[in-house]
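Have a look at the structure below, then the notes.
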Amino acid sequence: EDALVPPGPAGLTDPAGADPFALDLLADLLAAPGTRTVPVTGHQRDVLLAAVTGPAGGGRHVEQLFWDWLGPLEATRFADAWQTVAEREAVLRSSFDWTGTARLVLHEAVTVEVVRHVPGAVRFSELLRRDRDRGFDLYRPALLRVHLLQGPPAAPDARDASPTRVLVTYHRALLDERGARLLVTEFYRSYLAGAKESRFRSEWNHQHNDGNIWDITLGGNVGILRY
């Protein structure tokens with residue numbers, strides 16, 4: 001893994017004697033080719049300040065969204081759908097820079113991390129804790145991760161396969177719960193665009209007018225955890 005050193009929180013703590021113009025110029029010189037920046041919002045600045053100046057260690061200022069996926073799941077199409085969302089939505093290609101004035105860095109491309117765990121590989125409670133404690137490097141893009149935890153094998157006479165638990169972990173400086181839900185809704189649109197499962201397709205067509213697929217696919221059985 002690249003041994004990168006995160007920039008210091010100069011733009012957040014306003015150190016005495018620092019020249020804001022010089023710091024912004026330094027940030028521009030250090031920016032990767034092909035990136036552009038936009039100012040952070042007041043909320044993002046507050047969360048970023050707390051994350052940068054607070055105690056070291058992961059698990060802080062993250063949220064986790066999880067639900068059970070019922071029915072067939074094509075792992076490759078699942079990952080491709082998240083990648084499509086990242087290509088469309090700049091928020092998933094963003095990182096933070098606070099060398100000068102705190103701002104979002106918008107990258108041209110990023111790979112969304114999607115990990116699939118086989119049945120029995122890890123307990124869900126352990127996966128929650130482990131992914132939360134891992135935290136995020138705010139100066140790198142891809143401040144959202146996705147895990148798939150497969151359920152146990154279904155009984156031979158069972159009509160449906162065991163549900164797969166989906167876990168989405170993200171940093172609160174980048175997204176709030178509403179933003180995360182909107183991204184998941186967009187993910188479902190991308191996944192269903194090539195769907196073969198008639199149940200999903202018919203429900204999507206039925207609700208196409210108002211674009212509401214979140215309640216259909218997740219049914220309200222959604223967990224949200226904040227740290």
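As the structure is a computational prediction, the values presented were derived from the model and not from experiment.
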Go through the steps for L48 and W98 under the test side chain to side chain contact (heavy atoms under 4.5 Å, CB included), then give the verdict. CA-CA 9 Å; L48 187 58; W98 54 95; 4.0 Å; yes
Can you hop from L183 to V47 via hydrophobic side chains spaced under 4.5 Å? no
Evaluation steps, side chain to side chain contact (heavy atoms under 4.5 Å, CB included), between F66 and L149: CA-CA 11 Å; F66 59 91; L149 183 59; over 6 Å; no
Quick one: closest heavy-atom pair of E74 and Y191, and the distance? N-OH, 2.9 Å
From L127 CG over to R165 CZ, what is the distance, rounded to the nearest 0.5 angstrom? 10.0 Å
List the atom of Y170, the atom of L65, and the distance in Å for their closest heavy-atom pair. CE2-CB, 4.4 Å
Report yes if the side chains of L106 and V38 come closer than 4.5 Å at any heavy-atom pair, otherwise no. yes
What's the spacing between E177 CD and R181 CZ if we round to 0.5 Å? 4.5 Å
From CZ (R93) to CG (L144), nearest 0.5 Å: 14.0 Å
If I take atom OG1 from residue T41 and atom CZ from residue R45, how far apart are they, to the nearest 0.5 angstrom? 11.0 Å
Would a hydrophobic clustering, with Ile, Leu, Val, Met, Phe, Trp and Tyr connected at side-chain separations under 4.5 Å, put V110 with L175? no
Nearest heavy atoms of S95 and L143, plus distance in Å: CA-CD1, 4.5 Å
Cluster check L192, V85: I/L/V/M/F/W/Y, side chain < 4.5 angstrom: yes
Are the side chains of V168 and W67 in contact, using a 4.5 Å heavy-atom criterion? yes
Separation between CG (L174) and CG (L92), nearest 0.5 Å, reads 7.0 Å
Quick one about H107 and S94 (side-chain donor to acceptor, distance below 3.5 Å, no hydrogens or angles considered), yes or no? no
Answer yes or no for R140 and F96: cation-pi contact, defined as NZ/CZ to six-membered ring centre under 6.0 Å and angle to ring axis within 45°. no
Given 3.5 Å as the limit, does a donor-acceptor pair link the side chain of D97 with the main chain of T99, or not? yes
State the CZ-CG distance between R60 and D133, to the nearest 0.5 angstrom. 12.0 Å
Within a strict 4.5 Å, meaning less than it, do heavy atoms of the L167 and L128 side chains meet? yes
H171 and H61 side chains, donor-acceptor separation under 3.5 Å: no
Side chain to side chain contact (heavy atoms under 4.5 Å, CB included) evaluation trace for D131 with H147: CA-CA 9 Å; D131 203 43; H147 291 268; 3.1 Å; yes
For side chain to side chain contact (heavy atoms under 4.5 Å, CB included), just list the numbers for L148 and V115, CA-CA rounded to whole Å, side-chain angles, deciding distance to a tenth of an Å, and then say yes or no. CA-CA 6 Å; L148 294 172; V115 180; over 6 Å; no
A side-chain contact here means heavy atoms from C-beta on lying under 4.5 Å apart; do F136 and T169 qualify? yes
Do W82 and V184 have side chains that get closer than 4.5 Å, going by heavy atoms? yes
Can you tell whether the side chains of R129 and E126 come within less than 4.0 Å, N to carboxylate O? yes
Is the shortest side-chain N to carboxylate O distance from R36 to E108 below 4.0 Å? no
Side chains of T164 and Q150: any donor to acceptor distance under 3.5 Å? no
Looking only at side-chain N and O atoms, does R88 offer a donor or acceptor that is under 3.5 Å from a partner on S190? yes
Assigning hydrophobic clusters by single linkage (Ile, Leu, Val, Met, Phe, Trp, Tyr; side-chain heavy-atom cutoff under 4.5 Å), is F124 placed with V122? yes
Hey, does V146 have a side-chain heavy atom less than 4.5 Å from the side chain of F78? yes
Heavy-atom pair with the smallest gap, counting every atom of R103 and P39: CB-CA, 4.2 Å
